[in-house]
Trainee: 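Please read through the structure below; I'll follow up with questions.
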There are 2 protein chains.
Amino acid sequence: MTCAEEYTPQLRARGYRMTPQRLAILHILHHNGGHLSPVEVFDAARRELPGLTEATVYRTLEFLAENHLARPALNGNGHIAYEIARHEHHHLICRRCGNEMEVEHAILKSMYARLESESGYRLTDRHLTFFGLCPDCQKGEL
Amino acid sequence: MTCAEEYTPQLRARGYRMTPQRLAILHILHHNGGHLSPVEVFDAARRELPGLTEATVYRTLEFLAENHLARPALNGNGHIAYEIARHEHHHLICRRCGNEMEVEHAILKSMYARLESESGYRLTDRHLTFFGLCPDCQKGEL
DNA sequence: CTCCTTATTGCAACTTTTTGCAATTGCCTA
DNA sequence: TAGGCAATTGCAAAAAGTTGCAATAAGGAG
Ligand SMILES: [Mn+2]
Ligand SMILES: [Mn+2]
Ligand SMILES: [Zn+2]
Ligand SMILES: [Zn+2]
């Protein structure tokens with residue numbers, strides 16, 4: 001299934017339009033898989049679609065996140081990066097060396113449940129970033 | 001105890017210097033209490049200290065965070081804000097209305113422990129931001 | 001108190017992100 | 001298939017954030 005076939009109906013169902021700009025950006029995110037900064041998305045998407053502007057990239061990434069096709073994440077340098085929405089996971093980043101690992105949402109599930117029942121909020125985001133020290137860097141701490 | 005009396009020894013102990021710039025920014029954060037964006041800090045601190053530059057504000061906020069005198073937090077619009085380091089807590093923000101509430105770290109403690117043992121990381125940050133829907137906005141969802 | 005070292009700041013150029021508005025275009029209707 | 005309307009984009013200016021480097025000044029030593 002192509003990106004167009006996969007994502008166009010999802011947008012239409014919500015009353016939005018598919019555009020070449022959105023498709024190019026979805027295509028980049030889909031085939032890259034990882035986290036990309038808006039600038040990285042812009043550079044890549046502009047190759048597929050000359051004339052694309054930064055403003056559109058920023059607006060589109062935010063739009064895709066609101067519509068659950070992409071997920072924003074805080075990365076090590078305190079900026080937001082985006083990835084295509086796939087399985088629910090979180091990130092651990094080492095403050096010292098930048099090393100990063102993924103954690104399945106299942107591990108946090110009961111904590112989410114408790115947080116929801118204590119606060120009354122319904123938690124929608126499943127893409128947190130935790131900071132800490134990786135095993136290697138803990139040794140150097142002593 | 002004044003801000004100078006409180007914070008100067010903490011910086012000295014780590015081998016850093018207290019400066020009028022750092023003191024002004026600490027003073028702002030300390031007496032405001034809440035989350036402030038770098039621009040808000042800049043505007044306020046500049047009143048106490050004309051000549052202060054944006055570059056110094058950004059560098060100082062990052063420096064204070066690294067040294068545990070301030071804590072960075074992701075706020076509703078996806079940007080980083082800072083607050084003076086006090087008790088350990090997290091935030092819940094409503095995606096729809098922006099309503100925000102604090103959650104004591106105690107509630108997440110066991111989840112942190114599990115995450116640490118499963119990953120090998122030692123988690124240093126105690127200032128997460130969770131997004132979701134507040135009780136009121138859930139009603140409008142139906 | 002003065003000197004010295006080097007951490008820290010200001011400056012200025014640059015990059016990234018945001019915003020209002022007019023022009024464009026996706027897609028629904030006929 | 002053509003027309004019309006509102007969603008979406010490009011443009012351009014502004015705001016926010018970053019960086020290298022030279023000048024400044026905090027605070028320890030003498
Ligand atoms: Mn991710
Ligand atoms: Mn807080
Ligand atoms: Zn590490
Ligand atoms: Zn709400």
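Naming: A, B, ... by sequence-line order, numbering from 1 per chain.
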Trainee: Separation of A/Glu40 atom CD from C/dT16 atom C1', in whole Å?
Mentor: 13 Å
Trainee: Please determine if a side-chain N or O atom of A/Thr53 lies less than 4.0 Å away from the OP1 or OP2 oxygen of D/dC11.
Mentor: no
Trainee: Please tell me which of the listed nucleotides, C/dT5, D/dG17, D/dC5, lies nearest to the side chain of B/Pro38?
Mentor: D/dG17
Trainee: Evaluate the ring planes of A/His90 and A/His105, with Trp represented by its six-membered ring, and classify them as parallel (under 30°), tilted (30 to 60°) or perpendicular (over 60°).
Mentor: tilted
Trainee: Considering only side-chain heavy atoms of A/Arg59, which listed nucleotide, C/dT17, C/dT19, D/dT8, is closest?
Mentor: C/dT19
Trainee: OP1 or OP2 of C/dT18 versus the side-chain N and O atoms of B/His79: is any pair under 4.0 Å?
Mentor: yes
Trainee: Working to the nearest 0.5 angstrom, can you tell me the gap between A/Asn32 CG and A/Tyr82 OH?
Mentor: 15.5 Å
Trainee: Can you see whether A/Glu83 engages A/His30 through a side-chain donor-acceptor pair at a distance of less than 3.5 angstrom?
Mentor: no
Trainee: Could you check how far CG of B/Leu23 sits from P of C/dT9, rounded to whole Å?
Mentor: 12 Å
Trainee: Between A/Thr19 and D/dT9, is there a side-chain N or O to OP1/OP2 distance below 4.0 Å?
Mentor: yes
Trainee: Would you say a side-chain N or O of A/Arg22 is under 4.0 Å from OP1 or OP2 of D/dT8?
Mentor: yes
Trainee: Are A/His89 and A/Glu104 linked by a side-chain donor-acceptor pair shorter than 3.5 Å?
Mentor: no
Trainee: Would you indicate which nucleotide in C/dG26, D/dA12, C/dT17 comes nearest to any side-chain atom of A/Val39?
Mentor: C/dT17
Trainee: Tell me the interatomic distance from B/Asp43, atom CG, to D/dG17, atom C1', rounded to whole angstroms.
Mentor: 14 Å
Trainee: For A/Gly15, report the nucleic acid contact type (base, sugar-phosphate, nothing); a contact means any heavy atom under 4.0 Å.
Mentor: nothing
Trainee: With nearest nucleotide decided by heavy atoms, which residue, B/Thr56 or A/Thr8, maps closer to the 5′ end of DNA chain C?
Mentor: B/Thr56
Trainee: By nearest nucleotide on DNA chain D, pick out whichever of B/Ile80 and B/Pro20 is the more 5' one.
Mentor: B/Ile80
Trainee: Starting from C1' on D/dA25, measure out to CG on B/Leu52 and report it in whole angstrom.
Mentor: 16 Å
Trainee: Select base, sugar-phosphate, or nothing to describe what B/Tyr16 touches, counting heavy atoms under 4.0 Å on all strands.
Mentor: sugar-phosphate
Trainee: With a 4.0 Å cut-off, would you call A/Asp125 and B/Arg95 a salt bridge?
Mentor: yes
Trainee: Examine D/dG17: is either OP1 or OP2 under 4.0 Å from a nitrogen or oxygen in the side chain of B/Tyr58? Give yes or no.
Mentor: yes
Trainee: Please state how far atom CG in A/Asn77 lies from atom P in D/dT18, giving the value in whole angstrom units.
Mentor: 9 Å
Trainee: State which residues pass salt bridge (Lys or Arg N to Asp or Glu O under 4.0 Å) with A/Glu66; sequence neighbours excluded, sorted by chain then number.
Mentor: none
Trainee: Would you say a side-chain N or O of B/Gln21 is under 4.0 Å from OP1 or OP2 of C/dG10?
Mentor: yes
Trainee: Can you check the B/Ile25 CD1 to C/dT9 P distance for me, whole Å?
Mentor: 8 Å
Trainee: Measure from the side-chain heavy atoms of A/Arg17 and tell me the nearest of D/dT9, C/dT6, D/dT8.
Mentor: D/dT8
Trainee: Rounded to whole Å, please give me the gap between CD in A/Glu62 and P in D/dT8.
Mentor: 14 Å
Trainee: From CE of B/Met18 over to P of C/dT9, roughly how many Å is that when rounded to an integer?
Mentor: 10 Å
